[in-house]
Amino acid sequence: MYYIVETEKSFTQASTDLDSAVKRLGFGVLHVHDLGATLRSKGIAFDEECKVFEVCNPAQAAKVLATDMRLNMALPCRISVFTEKGTTKIGLIKPVQMLSALSQDAALVEVAKEVEEKTIQMVDEAK
């Protein structure tokens, strides 16, 4: 269900490279949540780094929503750059498995396959 890769890059470099890959492959970055900074700003001791990139391809999102509006709760796609015990990782929850758990519509599975291929490509390029 997860696609996670390790990289030799720093957290900052992997984050920058993911942002570039997302845009190069025709998606947009809607927002980046810096979970590490947010937790620390609330006084929580959190040693790791974690940024969650909300990414979207409007045409693909429109296909999903036209088929089943309830799936708005599964959008946009999220790709994370995070550290774990000194190792930088980049990962996502695979769209095909996630949407298949929410809908049995064959058209949605096809959209999810297209999105999954692109998002995995983004992760691999940022690695």
Side-chain angles (χ1 to χ4, degrees):
M1 176 158 247
Y2 297 98
Y3 183 77
I4 302 171
V5 300
E6 292 185 7
T7 179
E8 297 295 319
K9 293 179 181 177
S10 69
F11 171 79
T12 301
Q13 189 62 55
S15 296
T16 299
D17 291 350
L18 177 62
D19 186 76
S20 296
V22 167
K23 293 171 183 171
R24 189 170 43 259
L25 291 168
F27 281 59
V29 176
L30 302 178
H31 189 75
V32 179
H33 300 276
D34 189 334
L35 295 183
T38 298
L39 292 172
R40 287 187 290 278
S41 76
K42 304 296 182 190
I44 297 170
F46 187 74
D47 295 330
E48 303 291 356
E49 295 292 339
C50 180
K51 284 188 178 180
V52 179
F53 290 71
E54 291 186 342
V55 304
C56 182
N57 178 292
Q60 299 291 41
K63 289 178 191 176
V64 170
L65 297 175
T67 303
D68 187 341
M69 190 60 188
R70 297 174 300 169
L71 295 176
N72 71 76
M73 293 174 260
L75 300 178
C77 294
R78 291 164 183 82
I79 304 174
S80 297
V81 178
F82 60 100
T83 60
E84 193 169 43
K85 299 177 184 171
T87 300
T88 302
K89 299 180 180 185
I90 310 168
L92 57 99
I93 295 174
K94 292 181 177 180
V96 171
Q97 288 181 284
M98 183 176 59
L99 282 182
S100 293
L102 300 172
S103 173
Q104 302 306 311
D105 189 294
L108 285 177
V109 172
E110 286 306 310
V111 172
K113 283 181 184 175
E114 294 171 14
V115 171
E116 186 169 304
E117 288 174 11
K118 289 287 189 185
T119 53
I120 286 174
Q121 187 178 351
M122 292 168 197
V123 170
D124 289 345
E125 285 188 17
K127 180 172 95 172

Establish whether [X] and [Y] are linked, either directly or via other cluster members, by ILVMFWY side-chain heavy-atom contacts under 4.5 Å.
| X | Y | answer |
| --- | --- | --- |
| Ile120 | Val29 | yes |
| Leu25 | Val5 | yes |
| Met69 | Val64 | yes |
| Val32 | Phe11 | yes |
| Val111 | Tyr3 | yes |

For residues 95-108, please give each side-chain donor-acceptor pair under 3.5 Å, one per line with the distance, not counting sequence neighbours.
{"unit_1": "Gln97", "atom_1": "OE1", "unit_2": "Met1", "atom_2": "N", "d": "3.0"}
{"unit_1": "Ser100", "atom_1": "OG", "unit_2": "Val96", "atom_2": "O", "d": "2.7"}
{"unit_1": "Ser103", "atom_1": "OG", "unit_2": "Asp105", "atom_2": "N", "d": "3.2"}
{"unit_1": "Gln104", "atom_1": "NE2", "unit_2": "Ser100", "atom_2": "O", "d": "2.9"}
{"unit_1": "Asp105", "atom_1": "OD1", "unit_2": "Ala107", "atom_2": "N", "d": "2.8"}
{"unit_1": "Asp105", "atom_1": "OD1", "unit_2": "Leu108", "atom_2": "N", "d": "3.3"}

Sorted by chain and residue number, the side chain to side chain donor-acceptor pair (under 3.5 Å) partners of His33 (sequence neighbours excluded) come out as Glu54
Going by side chain to side chain donor-acceptor pair (under 3.5 Å), name the residues that satisfy it together with Glu6, two or more places apart in sequence or in a different chain.
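Residues passing side chain to side chain donor-acceptor pair (under 3.5 Å) with Glu6: none at all.
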What is the distance from atom [atom1] of [X] to atom [atom2] of [Y], rounded to the nearest 0.5 Å?
| X | Y | atom1 | atom2 | answer |
| --- | --- | --- | --- | --- |
| Phe27 | Met122 | CZ | CE | 4.0 Å |
| Ser15 | Lys9 | OG | NZ | 10.5 Å |
| Ile4 | Lys127 | CD1 | NZ | 13.0 Å |
| Thr119 | Lys94 | OG1 | NZ | 10.0 Å |

Tell me, with the steps shown, if Glu116 and Lys113 meet salt bridge (charged side-chain N to carboxylate O under 4.0 Å, His left out).
CA-CA 5 Å; Glu116 186 169 304; Lys113 283 181 184 175; over 6 Å; no
For Ile44, the rest of its hydrophobic cluster, which grows through side-chain links under 4.5 angstrom
Leu39, Phe46
I want to check something: taking the side chain as every heavy atom from C-beta on, are Tyr2 and Leu92 in contact at a cut-off of under 4.5 Å?
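A side-chain contact under 4.5 Å is absent here.
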Any side-chain heavy atom of Leu18 sitting closer than 4.5 Å to one from Phe53?
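Leu18 vs Phe53: side chains touch.
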In residues 74-84, what donor-acceptor pairs under 3.5 Å come from side-chain atoms, sequence neighbours left out?
{"unit_1": "Arg78", "atom_1": "NH1", "unit_2": "Pro76", "atom_2": "O", "d": "2.9"}
{"unit_1": "Thr83", "atom_1": "OG1", "unit_2": "Glu48", "atom_2": "OE1", "d": "2.7"}
{"unit_1": "Thr83", "atom_1": "OG1", "unit_2": "Glu49", "atom_2": "N", "d": "2.8"}
{"unit_1": "Glu84", "atom_1": "OE1", "unit_2": "Lys89", "atom_2": "NZ", "d": "2.5"}

According to salt bridge (charged side-chain N to carboxylate O under 4.0 Å, His left out), does anything in residues 18-28 pair up with another residue at least two apart or in another chain? List the pairs.
Asp19-Lys23, Arg24-Glu125
Donor-acceptor pair, side chain of Asn57 and main chain of Val115, under 3.5 angstrom:
no
